[in-house]
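Here the structure is laid out as structure tokens; the discussion comes afterwards.
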2 protein chains.
Amino acid sequence: MKTTIRNVAEAAGVSAMAVSAVLHGTGRNVKVSEAKAELIRKVARELRYQPNHLARSLRNRKTNTIGVVFQHFDRFSDENPYYPQLLNGIIAALFPAGYTLALCPQLVQRSGEGAISDGRFDGVLWCRPDFTEQSVEGLRNSSIPVVMMHAPPGSAPGVPTFCVDNDGALRLPVRHLVELGHKRIGFVLDHLNEKTAEGRARSEAFMLATQEAGVIGEVLVWDPDAHDLENYRLGMGPHTALIAYSDFLAGRLLAACRRFGLRVPHELSIIGFDSSSFCETTTPKLTSIYQPVERIAHEATMHLLSLIQSDQSNVDADALPLASIYDCGFDIRESTGPPPATAKNSS
Amino acid sequence: MKTTIRNVAEAAGVSAMAVSAVLHGTGRNVKVSEAKAELIRKVARELRYQPNHLARSLRNRKTNTIGVVFQHFDRFSDENPYYPQLLNGIIAALFPAGYTLALCPQLVQRSGEGAISDGRFDGVLWCRPDFTEQSVEGLRNSSIPVVMMHAPPGSAPGVPTFCVDNDGALRLPVRHLVELGHKRIGFVLDHLNEKTAEGRARSEAFMLATQEAGVIGEVLVWDPDAHDLENYRLGMGPHTALIAYSDFLAGRLLAACRRFGLRVPHELSIIGFDSSSFCETTTPKLTSIYQPVERIAHEATMHLLSLIQSDQSNVDADALPLASIYDCGFDIRESTGPPPATAKNSS
DNA sequence: TTGAAAGCGTTACCAA
DNA sequence: TTGGTAACGCTTTCAA
């Protein structure tokens, strides 16, 4: 990277801004004759002129880059299709619009400190709603548009949120289980999601759903790999069905059942969350709550893009919705069934 | 983003460069007394000063950002753990070093034109390459370090490549199949990978391996979802075993077999490539060539980082290796077995 | 020890 | 239709 716009201008015998006008279509009031324009293009090609993106961004206050903040920054799970789906939704919105996607560690780790608005991004998609005071404060101080995913409506002031209807979502499996005859149901989440906004929202939604249905519900924070399911045999455990926070977690529950020789669904019913392709590959196939991850990510990103546009053209953005809520579905497969006849059916 | 370094300087009653020196440790010859330093830090905090990353990058000619180019990029597959593994390897190298990862569409689509070195990246990791004249030309003109993944050694002049030993890799399944008694074997790839350097390398490696083993080999470019396997019943088809370019593709072959009522491995043996966790979830479990994707990605990225370092400190980089080759493994699971007795065994 | 000035590469504004 | 000048925010160089 050595050829600057001035080199081209000099070689073509014109001014730098003439080059800028011809190559980038910038500066309306600058008119260049077609002959000169052609000359400029020719010289630029010969000199292998490559416009400096940094300088243009600095000058234009527009980077065409979006920052994406993940909650689990340490690694993408090999088995959980959540991240691929999320990225697909984001990319499908971003790339056609000519935007670049950036994943950066500072944002992931110490995002509270306003590092978001260091000029690199036109906007930020926040997939990490854990709501420490710090992180919310960081968002409030942000000078660029921010959109949150997996944040219940109203959880961050003034920040548009894109989230599933967790209350509705958890009624579906609970109703299904109650119809099958279950009376004692557990909702399992891992230590990580215990702390996220959506983890808490789903836990509350689950408790609400079980109360409405008149059955016993309990929220369980487990590491299934280390958990002892021995006493769940023959429905004798505290629950006859478990709803997991994610398909991935449900898969690990299935594996734990296999380890302990527990038959699913005969001795224990298990339900996942996401209804990803993963559910079709397990034995038994996993009953699961369907969540349109890719669509949510896509629409959240589209929303972010339009926020950026209205931000930069000083258009009033109040017409845009502040919270989008998505309905979940429920896909019944093979991992749910009636509780064992031996289960103590104390209601 | 409004507070500039000058605002801070003014408010603290010092010069801009004193602020720069204190906050960024820049400028050796500038010494600031501890009292003033403390004042500057305090003022910066109060004013919520956020250094502009763009301006610093422009000035320092260092962006701390790596571009990742997928030349052939469709979407992150939900089922294929390839992308998560790849990203894990990259991130594990990048984030601890304080680098940002950027995925950008222009690079993906028209990467030939040298858009690589528009100042945004300190280096580029090039994945799934092909070798049109254009793209090689683009690399040659690049003024920043480039490292290629999935490129056979020597395929791009002067560009370090990180690739598995495809020749060795394809001997493993071929030998396994021949030992089981197979005489007619197909290698299946999709339309996308037909065009990539690694797709071609594996096809050639496959043909070589079958020739060495004295059996019939054929390269097949298929869309398994649309392909008719009807005539493969009872080993009567042109091949009694198929090796797929990826686990994902093998999974789709398995699904096609199910559709046509073809029993695997009794009527047809199927082998994948990656030996990902996916192989454990299929029925039957998928025999597969193991490829250390995450490790390759990690080491390629580490290499890129050291290239950047030596580039920027003008150190001679010739000591660094130009090609790294990784051995593959072979995991035998349930999807391979002897060919049907009814198979015509014309050698 | 501190400050002023120049410049990284680009583009908007104004004058010719 | 053109070209000069200034500025985006930062840091290095040189002079005080």
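Note that the structure is predicted; figures quoted are calculated from it, not measured.
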Sequence-distant partners of [X], side chain to side chain donor-acceptor pair (under 3.5 Å), two or more places apart:
X: B/Arg75; value: A/Glu294
X: B/Lys195; value: none
X: B/Thr63; value: B/Asp122
X: B/Arg45; value: none

Rounded distance [0.5 Å steps], OH in A/Tyr49 versus CG in A/Leu23: 6.5 Å
Rounded distance [0.5 Å steps], CD in B/Glu10 versus OG1 in B/Thr4: 8.5 Å
Without decimals, in angstroms, what is the distance between [X] [atom1] and [N] [atom2]?
X: A/Ile40; N: C/dT10; atom1: CD1; atom2: P; result: 14 Å
X: B/Lys62; N: D/dC10; atom1: NZ; atom2: C1'; result: 17 Å
X: A/Glu10; N: D/dG3; atom1: CD; atom2: P; result: 13 Å
X: A/Asn60; N: C/dG9; atom1: CG; atom2: P; result: 16 Å
X: B/Leu23; N: D/dT11; atom1: CG; atom2: P; result: 9 Å
X: B/Asn52; N: D/dA7; atom1: CG; atom2: C1'; result: 14 Å
X: B/Asn7; N: D/dG9; atom1: CG; atom2: P; result: 9 Å
X: A/Ile5; N: D/dG3; atom1: CD1; atom2: C1'; result: 14 Å

Between the first and last five pairs of the helix from C/dT1-D/dA16 to C/dA16-D/dT1, the angle of the axes, rounded to 10 degrees: 50°
Using a cutoff of under 3.5 Å, can you pull out all pairs of nitrogen or oxygen atoms linking the protein to nucleotides 5-7 of chain C, with atom names and distances?
unit_1, atom_1, unit_2, atom_2, d
C/dG7, N2, B/Arg59, NH1, 2.8

Any A/Ser20 side-chain nitrogen or oxygen under 4.0 Å from OP1 or OP2 of C/dT11: yes
B/Lys36 vs C/dT1: side-chain N/O to OP1/OP2 distance below 4.0 Å: no
Compile the donor-acceptor pairs under 3.5 Å between side chains in residues 295-302 of chain B and protein atoms, sequence neighbours left out, one pair per line.
unit_1, atom_1, unit_2, atom_2, d
B/Arg295, NE, B/Glu299, OE2, 3.1
B/Glu299, OE1, B/Tyr326, OH, 2.5
B/Thr301, OG1, B/Ala297, O, 2.6

Among [options], the one nearest [X] by side-chain distance:
X: A/Leu58; options: D/dC10, D/dC8, C/dT10; result: D/dC8
X: A/Ser15; options: D/dG3, D/dT11, D/dC10; result: D/dG3
X: A/Arg61; options: C/dG9, D/dC8, D/dC10; result: D/dC8

Sequence-distant partners of B/Leu192, side chain to side chain contact (heavy atoms under 4.5 Å, CB included), two or more places apart: B/His72, B/Asp74, B/Arg128, B/Asp190
Non-neighbouring partners of B/Phe76 that pass ring-ring contact (aromatic ring centres under 6.0 Å, His included), sequence neighbours left out: B/Phe73, B/Tyr83
